[in-house]
Amino acid sequence: MIPYPALHASHGGIWIATAEGTRAVGRGEAIALAADTPLILLNAPLIGQRLGYAELSGLDLLELFAFLHPARFTVPTPKGLARAVDLSPPESDEDVAAFLREAAAALLAVPASDWPEREGAWSAVQALTRLRWPWAPAIGPLIAKPKEHERWLFGKLPEWEEGAPRPAPRAVTIGSDEAEARLVELTGHGAEERPGQRAFAAAASAAFAPRSVRDAPNLVLAEAGTGIGKTLGYLAPASLWAERAGGAVWLSTYTKALQRQLAQETVRLYPDAETRKAKVVTRKGRENYLCLLNLEDALQGGFAGRAAVLAQLVARWAAYSSDGDMVGGDLPGWLPTLFRRNGPAALTDRRGECVYAGCPHYRKCFIERAARASADADLVIANHALVMVNAARGRELTTRPTRYVFDEGHHLFDAADSMFAAALTGQETIELRRWILGPEAGGRGRRRGLQARLSDVASYDEQGGLAIQDAVDAARHLASDGWLGRIAEGAPFGPIEHLLAAVRGLTYARAEQPGDAGYGLETELAEPTPELIEAAAPAAAALDALVRPLVTLGRRLEAVLAEAPDWMDAAARARVEGAIASIGWRAETVAGWLALLARIGGPVDADYVDWLAVDRIEGREYDMGLHRHWLDPTRPFARVVLEPAHGALVTSATLTGGGDWDTAEARVGAPHLARAPARFEATSPFDYPAQAEVLIVTDVKRGDLPALANAYARLIVAAGGGTLGLFTAIRRLRGVHGRIADRLAREGLPLHAQHVDPIDTGTLVDIFRDDPAASLLGTDALRDGVDVPGHSLRLVVMEGVPWPKPSVLHAARRLAGGGSAYDDRIVRARLAQAFGRLIRRGDDRGAFVMLSAACPSRLLSAFPPGVPIARVTLDEAVARVAERLSLTPIIGHEAAQLG
C-alpha cells in the first residue's frame with residue numbers, strides 16, 4: 001500500500017486515512033497536514049474550496065489518471081474512479097479517504113500491466129520530474145525506459161493529405177418511403193413501431209429535394225415532442241441523400257451534449273469504426289482545438305509552474321486524442337479545471353492568431369485535419385455558431401454545404417443574435433491591436449504581427465507592403481495594455497480610449513441605481529452628450545485610417561495569388577489565402593464599428609438596437625463600449641445561411657414553444673425567404689398526465705432567501721435527491737447552496753452547483769447523472785440541453801417565473817413584438833424547455849415545482865396538455881413529492897447501480 005495519507009472533505013465532514021486507519025479531523029488540522037505532508041486527494045480544487053484553502057495541492061488522483069490513461073474519461077467522483085480502476089466504491093463519506101489510498105495503489109500498478117498508453121510515458125514522466133510534479137517520485141521509477149528512443153509528439157502525429165476538390169452534389173430526390181425504409185434499417189427490423197418517428201422521417205425528406213428556385217431553399221420546420229426519436233428520424237433521409245448525391249449534410253446543434261449524442265447515434269449507420277471516421281466528422285470552432293504551436297511554446301518554456309505540468313499532460317493526451325478537441329472532445333472536462341486558470345486557454349487559438357501554412361505543424365494541425373475530413377464526409381456534426389461563421393466568412397468556399405439539419409432549432413435566434421452583432425469595446429479593440437502589431441515592448445510569446453506574418457509579400461509587392469505599414473501605424477491608436485486603469489484614473493490615451501471614457505461616464509450617469517449590486521450597467525444610445533459626440537469623431541477617423549489599408553491589403557494579397565510568383569509554393573499559397581480570410585473579416589468588423597459610431601449624433605436605424613455598456617463583476621470593471629444588435633437577427637441568418645442553401649430542416653421539441661407556428665417561423669427567419677416552409681408536428685408519445693405533475697408553491701415569499709433555501713432543502717430531501725434546481729440569478733443560487741449543502745450532506749444527499757463548484761458544467765452533469773442521490777443547482781445552461789433520463793433526475797425546481805432580463809435589447813424587441821405578449825412567449829418557451837428535462841423516457845416519473853405564488857395562469861399552457869397542475873403550500877408540495885417519488889420504480893440498470 002502507498003505510504004502517503006489520503007484526505008477527503010465533503011459538506012458532511014473531513015477525514016484523513018493512513019495505514020493505521022481513518023479518523024475525522026477539523027478544518028485547521030487538515031490544512032496544517034496538507035501544508036506539511038503530500039496528501040492523496042481527489043479533485044484538489046474542489047477539496048480546497050470545501051476546506052476554505054484555495055491553494056491546496058497534493059497527489060491528485062485525477063492528474064495521475066490523466067497521465068496513465070490520456071483521452072479516457074472517468075466521472076471525477078469516488079464512485080466514478082472506483083469503476084475506472086475496478087474497485088468496489090466506498091459506501092459512505094467516512095470510507096472515501098481509505099478508498100483513495102486503494103485507488104492510488106491500483107493506478108500505480110498500471111505500468112506493470114498490459115498498458116495500452118505506455119508509448120510516450122517514460123519521456124513525459126522525465127519532463128514532469130523536472131517540473132516537480134507531485135506524482136513523479138511515485139510513478140517515475142515504475143515506468144521502464146524504452147529500448148528505442150520515443151518519438152516526440154510532433155513527430156508521431158499523422159499528417160493530413162490534400163485531396164481533389166469534391167464535385168458538386170448531384171440532384172436526387174429522396175422519397176418519403178425510402179426515408180422510412182432507411183429508418184427501419186437504423187432501428188432494426190422487429191423494433192417497436194413508432195409512427196411519429198416514421199412520419200417525421202418522411203416529412204424531413206422534403207428538405208433534401210432538389211431546389212427549384214434560386215435563393216428559395218426547401219425549408220422544413222418540424223416540431224417533434226420528446227420521445228419521438230427525431231435524431232434517427234432525420235439521420236435516415238440525411239444519410240440517404242449524402243450517399244446518393246455525393247454531398248455533405250451538416251447536422252447543427254446548439255449544445256455539446258447533443259453533438260456527443262449525435263456522434264453516438266451514427267454508430268447505427270456505420271458500425272465499422274474506420275468507415276465511421278471517414279463518413280462522420282465533428283467540427284467545432286477553432287477555439288475548441290488544441291493549437292500545436294501554442295503547445296510547443298508551452299513545452300519549451302512558455303509555461304511555468306502548474307501550467308507547465310498541464311502542458312505535459314495535454315501533450316500526453318494529444319498523442320492519443322481522436323480529434324484534438326479540448327472542449328467537449330476526449331479531453332476530460334475536469335482536467336483543465338484542476339489547474340484553475342493556469343494555461344488551458346493559452347493552448348487553443350482563441351485570438352485568431354493562426355498563421356496557417358506558416359506554422360511548422362500545419363500538416364499535423366487538428367483544425368486543418370477536421371476541415372479537410374469534413375470536405376469528404378457524408379455527415380458533418382457542427383454547432384449553430386460555426387455554421388454561421390463558416391457561411392459568413394469561411395475559407396472553404398468550394399465545399400460550402402447545400403443541406404443543413406438544425407436540431408435544437410429554437411436556439412437559432414439566440415445563435416444568430418450573437419453571431420451578427422457588433423461590439424466596439426476595449427477588449428475587442430485591444431485584441432485587434434495585438435493581432436496587427438504582435439508583441440509590443442515587454443511582451444513575450446510566439447504571436448506575430450502582420451509585418452512578420454507577411455514579410456515575403458511586403459518584399460514582393462510594394463503596395464502591399466505600404467498597406468501593412470499603414471495598418472500597423474493606425475493600430476497604434478487602438479486601446480492598449482493598461483487601458484482600464486487609465487480610464488478609471490481619468491487619463492485615457494488615444495482616440496479610442498477617449499471614446500471609451502465618454503461611454504463610461506454617460507453609462508454611469510444614466511444607469512447607476514441606488515443600492516447598485518456591482519454588476520453590468522447599460523443605457524440606450526439616445527440623446528448622446530456633447531462629450532460623447534466630440535469623442536466619436538476622432539475615434540471614427542482612427543478606425544477609418546485602419547480599415548482602408550486592411551481593405552487595400554486584402555486586394556493586394558488577392559492580386560499576388562493571381563500572379564503566382566515563383567516563391568509561392570503550396571504552403572505559401574495556403575498562408576496567403578488564410579491571411580485574406582482573416583484580414584477580410586477584421587475589415588468587416590472595423591466597418592461595423594464605423595457604422596455604430598455614425599449612429600452617435602446621427603439618425604436612428606430601425607433595423608438595429610444600439611446601447612452603451614460597462615461590464616462588471618461584483619463591482620470590478622472588465623470591459624466597456626458600444627453595442628449593436630439586429631432587432632431581428634434572423635434577417636442576416638436567412639440571407640447568409642438559408643438563402644444559399646438548397647434545403648434545411650429545422651427541428652426541436654419546443655419549436656413553437658411559447659407561441660404558434662407564426663412565432664416559430666419568425667424565430668428561424670422563414671418570413672425573409674421567397675418560399676414558405678413546410679410544417680410538421682408530432683406530439684410526444686409519453687403519457688405526461690400519468691408521468692408528471694406541476695406544483696406551484698404559494699407560500700414562499702419572493703426575495704426571502706432563507707425561505708427559498710429552506711424550500712429547496714425540504715423538496716430535495718423529500719425526493720431523496722435526483723433534483724435539478726434552476727435559478728435566474730447566480731447570487732441567489734450561491735446563497736441557497738451555501739445554506740443547504742451541509743444540511744443535505746447530513747442526509748447523505750450530495751449537492752453540486754454551477755458557479756460554485758470549480759468543475760465545468762459538462763462534468764457536473766456527468767456527476768449528477770451518475771449518482772441518483774445527487775442534486776444539481778444551475779442557471780440557464782442547465783435549463784436546456786441536459787439529457788439525464790431515468791431515476792437520476794426526478795424533480796425539477798424553479799426558483800420563480802423565468803422572466804426575461806430587462807435589458808435595452810429586450811425592451812426594443814418587446815416593443816416590436818407585442819409588449820407583454822412577447823414576454824409571455826419567452827417565459828412559456830423557457831418553462832417548456834425546463835419541463836422537458838424531467839421526462840426523457842417512457843418509464844420516467846417526476847414532479848416539476850415552481851416556487852412562485854405569483855405565477856400567472858396564462859403561462860401554464862407551456863406544459864403538456866393534461867398534466868395535473870396544482871397551487872399548493874410548501875408543506876403540501878413536500879408531501880406530494882415524497883408520495884409520488886417514493887412510488888417511482890427503479891428498474892433495469894438503475895436498480896443495479898443503486899444496489
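The basis for the numbers below is simple: all heavy atoms, side chains too, and nothing from hydrogens, waters or symmetry mates.
For D417 (side chain) and F413 (main-chain N/O), no donor-acceptor pair under 3.5 Å exists by modelled atom type. R794 places a side-chain N or O within donor-acceptor distance of the main-chain N or O of G720, the cut-off being under 3.5 Å.
A donor and an acceptor atom, one from each side chain of D93 and S10, are located under 3.5 Å apart. In this model, a donor atom of one side chain and an acceptor atom of the other lie less than 3.5 Å apart for S857 and R871. For the residue pair T779/Q754, the side-chain donor-acceptor check at 3.5 Å is satisfied. Residues E223 and S652 bring no donor and acceptor atom of their side chains to less than 3.5 Å of each other. Counting only N and O atoms by type, the side chains of D766 and T763 include no donor and acceptor under 3.5 Å apart.
In this structure, the ring of H11 has its center no less than 6.0 angstrom from the ring center of H752. Ring centroid separation for the pair F727 and Y712 comes in under the 6.0 Å cut-off. Taking the six-membered ring for Trp and the full ring otherwise, the centers of H384 and F406 sit less than 6.0 Å from each other. When ring centroids are compared, F835 and Y688 come within the 6.0 Å threshold. Under the 6.0 Å cut-off for aromatic ring centres, H8 and F99 do not qualify, their centroids lying 6.0 Å or more apart.
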Test side-chain contact (heavy atoms from CB on, under 4.5 Å) applied to L715 and T723, step by step: CA-CA 8 Å; L715 288 164; T723 300; over 6 Å; no
Would D875 and R714 count as a side-chain contact (heavy atoms from CB on, under 4.5 Å) here? Give the steps. CA-CA 9 Å; D875 287 344; R714 291 185 63 193; 2.8 Å; yes
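Classification of R783 and E799 as a salt-bridged pair fails, no side-chain N sitting under 4.0 Å from a carboxylate O. A salt bridge links R858 to D824: at least one charged side-chain nitrogen sits closer than 4.0 Å to a carboxylate oxygen. Electrostatic pairing of R679 and D662 counts as a salt bridge here, judged by a charged N lying under 4.0 Å from a carboxylate O. Here D770 pairs with R83 in a salt bridge; the nearest charged N to carboxylate O distance falls below 4.0 Å.
Residues forming a ring pair (Phe, Tyr, Trp, His ring centres under 6.0 Å) with H410 (at least two apart in sequence, or on another chain): none.
Annotation: side chain of L61 is in contact with side chain of L81 (closest heavy-atom distance under 4.5 Å).
Under a cutoff of 6.0 Å and an axis angle of 45°, R616 and Y519 do not form a cation-pi pair.
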